[in-house]
Amino acid sequence: MKKNPLSLLTIASSKGRVTKRYPFEEPLMTSEFRGKIEIDESKCIGCGACVNACPPNALELLSSSGTKTLRYFIGRCIYCWRCIDVCPVGAIKGTREFELATDDVSDLYELLIHEEAKCSVCNSPYATVRIVRYVATRSPSTEGYVSMDPKCRQEKFVKAIEMRFGGLSA
Ligand code: SF4
Ligand code: SF4
């Protein structure tokens, strides 16, 4: 049944004000509230899983002369926390911080710089030093392969198969 607009006014006046006078009062934040993320530099291995999962590309992994930089642009972050779910080493945590306005855009960038590993055969950069260590520690059986880029690794693997089975014939 359609309500008389005047009856809505009566209800509103009996309830009083329900909104907060933010920023003059504390905002209403539930326990599920999500704010900006924090990346623990000591834990991050520079794998890029968070970059692939980030819907608005607020996270990027940039390569340049011997380094890979994980760049977090807070101005693009939608606080979805998908990056937290996919990080294999638990390097990202969510905070309740949201008051991030600034007149200097550089305040909205956070950089994490990783040393890049080079292939032991062809010397091409292919991953971060920390990823190589992480994989080598977790899978000692990959020793001999983990220090190579994907192309050299594939060639070594094919040669190993050929040695074992006397060549691949059609
Ligand atoms: S919280 Fe969401 S939008 Fe922000 S960096 Fe993580 S995945 Fe990207
Ligand atoms: S997923 Fe975790 S370890 Fe990988 S780059 Fe992102 S923060 Fe670093």
Side-chain angles (χ1 to χ4, degrees), residues 18-157:
V18 293
T19 52
K20 295 276 184 184
R21 290 180 198 268
Y22 178 80
F24 305 107
E25 285 178 23
E26 282 291 305
L28 180 65
M29 287 165 76
T30 63
S31 56
E32 299 88 10
F33 182 86
R34 296 178 178 202
K36 77 178 276 282
I37 57 157
E38 263 177 21
I39 306 171
D40 186 337
E41 192 166 352
S42 66
K43 287 187 185 167
C44 176
I45 55 174
C47 66
C50 55
V51 174
N52 293 333
C54 178
N57 297 328
L59 289 162
E60 289 175 284
L61 201 55
L62 310 166
S63 287
S64 125
S65 56
T67 61
K68 271 190 189 288
T69 301
L70 180 62
R71 187 172 75 175
Y72 173 38
F73 178 41
I74 302 164
R76 219 179 253 169
C77 180
I78 55 173
Y79 310 148
C80 64
W81 290 8
R82 281 187 69 189
C83 49
I84 297 176
D85 295 336
V86 299
C87 178
V89 292
I92 311 177
K93 73 171 189 182
T95 74
R96 290 161 71 83
E97 271 181 71
F98 72 98
E99 291 167 311
L100 302 161
T102 175
D103 55 7
D104 181 355
V105 75
S106 67
D107 292 343
L108 301 178
Y109 285 95
E110 289 180 6
L111 306 178
L112 212 158
I113 300 170
H114 286 278
E115 187 186 345
E116 215 165 27
K118 290 196 172 143
C119 172
S120 57
V121 178
C122 69
N123 211 32
S124 304
Y126 69 103
T128 65
V129 169
R130 281 191 180 177
I131 292 179
V132 174
R133 282 197 203 123
Y134 178 79
V135 174
T137 315
R138 300 200 139 220
S139 317
S141 60
T142 60
E143 198 185 341
Y145 286 95
V146 76
S147 62
M148 295 177 186
D149 76 347
K151 190 172 142 287
C152 294
R153 202 177 301 148
Q154 190 180 28
E155 283 172 9
K156 180 178 163 119
F157 183 71

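Small disclaimer: the values here were computed from a predicted structure and weren't measured. The first residue of the sequence shown is numbered 1, and numbering continues consecutively from there. The analysis underlying the following values was restricted to heavy atoms, covering all of them including side chains, and did not include hydrogens, waters or symmetry mates. One-based numbering, in listed order, for ligands and for the atoms of each.
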Protein N, O or S within less than 2.8 Å of atom 2 (Fe) of ligand 2, waters excluded: C87 SG

From NZ (K151) to OH (Y126), nearest 0.5 Å: 14.0 Å

Heavy-atom side-chain proximity of H114 to C44 below 4.5 angstrom: yes

Atoms of ligand 1 close to C54 [distance to a heavy atom under 4.0 angstrom, numbered from 1]: 3 (S), 5 (S), 7 (S), 8 (Fe)

Close side-chain approach of V51 to L70, heavy-atom, < 4.5 Å: yes

Ligand-side contact atoms (ligand 1) for residue partner C80, heavy atom cut-off under 4.0 Å: 1 (S), 2 (Fe), 3 (S), 7 (S)

Carboxylate-amine/guanidinium proximity below 4.0 Å for K36 and E110: yes

Expected output: side-chain W81 to main-chain G35 donor-acceptor under 3.5 Å: yes

Gap separating the CD1 atom of I74 from the OH atom of Y79, nearest 0.5 angstrom: 7.0 Å

Pick from V51, I74, I78, I37: the one approaching atom 3 (S) of ligand 1 most closely through a non-hydrogen atom: I78

Tabulate below the donor-acceptor pairs under 3.5 Å that side-chain atoms of residues 131-138 make, not counting sequence neighbours, or state none.
{"unit_1": "T137", "atom_1": "OG1", "unit_2": "R133", "atom_2": "O", "d": "2.5"}

Nearest non-hydrogen protein atom, atom 1 (S) of ligand 1: W81 N, 3.1 Å

Contact flag C77/atom 2 (Fe) of ligand 1, N/O/S atoms, threshold under 2.8 Å: no

Mutual orientation of the aromatic rings belonging to F33 and F98 [parallel < 30°, tilted 30-60°, perpendicular > 60°]: perpendicular

